[in-house]
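Chain letters run A, B, ... following the sequence lines, proteins first, then strands; residues in each count from 1. Treat the numbers as computed from the prediction; the structure is a model and nothing was measured.
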There are 2 protein chains.
Amino acid sequence: MSQVPAGEGPGLRELKKLATREAVRAAAVRLAVRDGIENVTVERIAEAAEVSLRTFFNHFSSKEDAVFAAAESRAAELVAEFRRRPGGESPLQALREAAMVVLDRDDALGRDHLAALRLLRRAPSLLARQMVVLTEQEDALAAAAAERFGTAAAERFGTAAAERLGTDDGRFPQLWAAVVLAALRIALDRWLAESTAAPDPGRLRAEIDDALTHLAGGLDPRT
Amino acid sequence: MSQVPAGEGPGLRELKKLATREAVRAAAVRLAVRDGIENVTVERIAEAAEVSLRTFFNHFSSKEDAVFAAAESRAAELVAEFRRRPGGESPLQALREAAMVVLDRDDALGRDHLAALRLLRRAPSLLARQMVVLTEQEDALAAAAAERFGTAAAERFGTAAAERLGTDDGRFPQLWAAVVLAALRIALDRWLAESTAAPDPGRLRAEIDDALTHLAGGLDPRT
DNA sequence: ACACTCGTTGCACGACGTGCAGCCACTTTC
DNA sequence: GAAAGTGGCTGCACGTCGTGCAACGAGTGT
């Protein structure tokens, strides 16, 4: 038979594994969008993806897991991108740019992922799953922010200030991460709510900018 | 037999219902604390509370629900208390005072509730459940905040300004609520992490004040 | 005392999620 | 290129979850 041209990379077996995983994920999203995730059984998803029930659970531990897979990896990308931003940018600036970079990925706003995102707003079971991802993302972002705060402060005021501001028992970075992610979540939510049919990336950028601007300015409007 | 002195209130049947509900809840928390919630079955909880399995599900739709019941009602109290704060206080001030009032309730920091709160930080399944409550709380707080912003602005600048700032498509209040609750969550989390044995309400107050102060001051430390 | 309401209970059933063992396509080694 | 191995797919069994339904009986209003 034909021989693999020594691609050297993942290997055929691994490719097949990823293919089935992707097939299962896509089937899960498609059925969940069509019927609502509550009305879809794992068995039907497996059937649609032409795998056994057991195989489904070999890749995902629940329907929610399957639908969430894409969003989860994007969340990780955001943090990675944030780490990559130059130190010259302020924290909120860096976060904004990181978000924009992730949004500019080809598939980020594709129909498939968009449909999955819309699902997250409705179903309680998906909302629930979100919290686990959210806290992990918070911790990762907090760690990244701590480094950024630390090095930035060190450059300007020396190591002592860095210790105070950057680490500070990890108190402030954690707060910052939680608050900032909450803002992004609301921005995304707003955008999903307003754009019924036509996905307008420009509006999403505006929403994000708006939210982050409010954060920078302080949140006690009376004063 | 003896006759009820016409208390007029809840009625005996209603009281019994609440009693079983509370017994089930307490049993759930007790067992979850002792063995970890993953290792506790609903059947064992029902057994410990001396009710049937079916009765458990008549009151709660899952273990998580039972453990969460207390925290959920406290969340609602916070919003109610926030609504009750005088208009003279700034939003963050009002929220702070509301939080303090809720904390001052006799049972708020009791051993039982405290143990339940500690559980919420660990188990993924409880973390998940948290998100549903969080979004509901966000919506409620956003609505309350919108009113507050609206009336405050109306008193000072007239109705036009109120419409802009208060409603504004509900954009800002929603953001404010999400961000503020994220901050409170982190404050509570921090406090639970640091106080291993001795529950020190003073420290919690300090954590809350610290978090809210950061919010008021803006969250872009570089600038 | 009578009829009525409604919380509790048992039963049945579909769905969920995991451990285990066999099968076989792919992979590595010689 | 054949033999030994690795690892993904599959079926099966089992315990748990959560809900609909009907019966029972304690509490309630007339």
Is there a side-chain contact between [X] and the phosphate of [N], meaning an N or O under 4.0 Å from OP1 or OP2?
| X | N | value |
| --- | --- | --- |
| Ser52(A) | dT10(D) | yes |
| His59(B) | dG7(C) | no |
| Ser61(A) | dG17(C) | no |

Nucleotide [N], atom [atom2] - distance to [atom1] of [X] in whole Å:
| X | N | atom1 | atom2 | answer |
| --- | --- | --- | --- | --- |
| Arg44(B) | dG15(D) | CZ | P | 16 Å |
| Ile45(B) | dT16(D) | CD1 | P | 12 Å |
| Glu38(A) | dT19(D) | CD | P | 11 Å |
| Asn39(A) | dG18(D) | CG | C1' | 15 Å |
| Glu43(A) | dG17(C) | CD | C1' | 14 Å |
| Phe57(A) | dG15(D) | CZ | P | 18 Å |
| Leu18(A) | dC26(C) | CG | P | 15 Å |
| Phe60(A) | dC9(D) | CZ | P | 11 Å |

Legend entry - Distance, nearest 0.5 Å, that separates CZ of Arg25(A) from CD1 of Ile45(A):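 Rounded to the nearest 0.5 Å, the CZ-CD1 separation comes to 11.5 Å.
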Legend entry - Mutual orientation of the aromatic rings belonging to Phe149(B) and Trp176(B) [parallel < 30°, tilted 30-60°, perpendicular > 60°]: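 Geometry flag for Trp176(B) against Phe149(B): perpendicular rings.
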Counting only side-chain heavy atoms from C-beta out, which of [options] sits nearest to [X]?
| X | options | answer |
| --- | --- | --- |
| Lys16(A) | dG27(D), dT9(C), dC26(C) | dC26(C) |
| Leu12(B) | dG11(D), dT28(D), dC26(C) | dT28(D) |
| Lys17(A) | dT8(C), dG8(D), dC17(D) | dG8(D) |
| Asn58(B) | dT10(D), dT19(D), dT9(C) | dT9(C) |

Legend entry - Note: Glu194(A)-Arg171(B) ion pair, threshold 4.0 Å (strictly below):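 Result for this pair is yes, salt bridge flagged.
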Legend entry - Leu53(B) vs Glu14(A), nearer the 5' end of DNA chain D by closest nucleotide: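 The residue mapped nearer the 5' terminus is Glu14(A).
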Inset, instruction - Spell out yes or no: do the side chain of Arg54(A) and the base of dG19(C) have one donor N/O and one acceptor N/O closer than 3.5 Å? - result: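 Indeed, a donor on one side and an acceptor on the other fall under 3.5 Å apart.
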Inset, instruction - Establish, yes or no, whether the cationic atom of Arg21(A) lies under 6.0 Å from the six-membered ring centre of Phe56(A) and within 45° of the ring axis. - result: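 Pair Arg21(A)/Phe56(A) does not count as cation-pi.
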Legend entry - Arg84(A) side chain to Val79(A) backbone, donor-acceptor under 3.5 Å: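 Looks like no, no N/O pair under 3.5 Å.
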Inset, instruction - Have a look at the helix from dA1(C)-dT30(D) to dC30(C)-dG1(D) and give the angle its two end axes make, five pairs each, rounded to 10 degrees. - result: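 Here the local axes at opposite ends form an angle of 30°.
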Legend entry - Residue pairs involving residues 44-59 of chain A (criterion salt bridge (charged side-chain N to carboxylate O under 4.0 Å, His left out); sequence neighbours excluded):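 Sorted pair list comes back empty.
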Inset, instruction - Would you please test Asp189(B) and Gln174(A) for side-chain hydrogen bond (donor to acceptor under 3.5 Å, both in side chains) and show each step? - result: CA-CA 10 Å; Asp189(B) 206 54; Gln174(A) 191 78 31; 5.7 Å; no
Inset, instruction - Assign each of Thr20(B) and Arg13(B) to its nearest nucleotide of DNA chain C by heavy atoms, then name whichever residue's nucleotide is nearer the 5' end. - result: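 Between the two, 5'-proximity favours Arg13(B).
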Inset, instruction - Could you check whether Thr41(B) gets within reach of a base, just the sugar-phosphate, or nothing at all, counting any heavy atom under 4.0 Å? - result: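 Sugar-phosphate contact only - Thr41(B) comes under 4.0 Å of backbone atoms but never of a base.
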Inset, instruction - Run through Val67(B), Val133(B), Val132(B) and flag the one making a side-chain contact (heavy atoms from CB on, under 4.5 Å) with Glu72(B). - result: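 Only match with Glu72(B) under side-chain contact (heavy atoms from CB on, under 4.5 Å): Val133(B).
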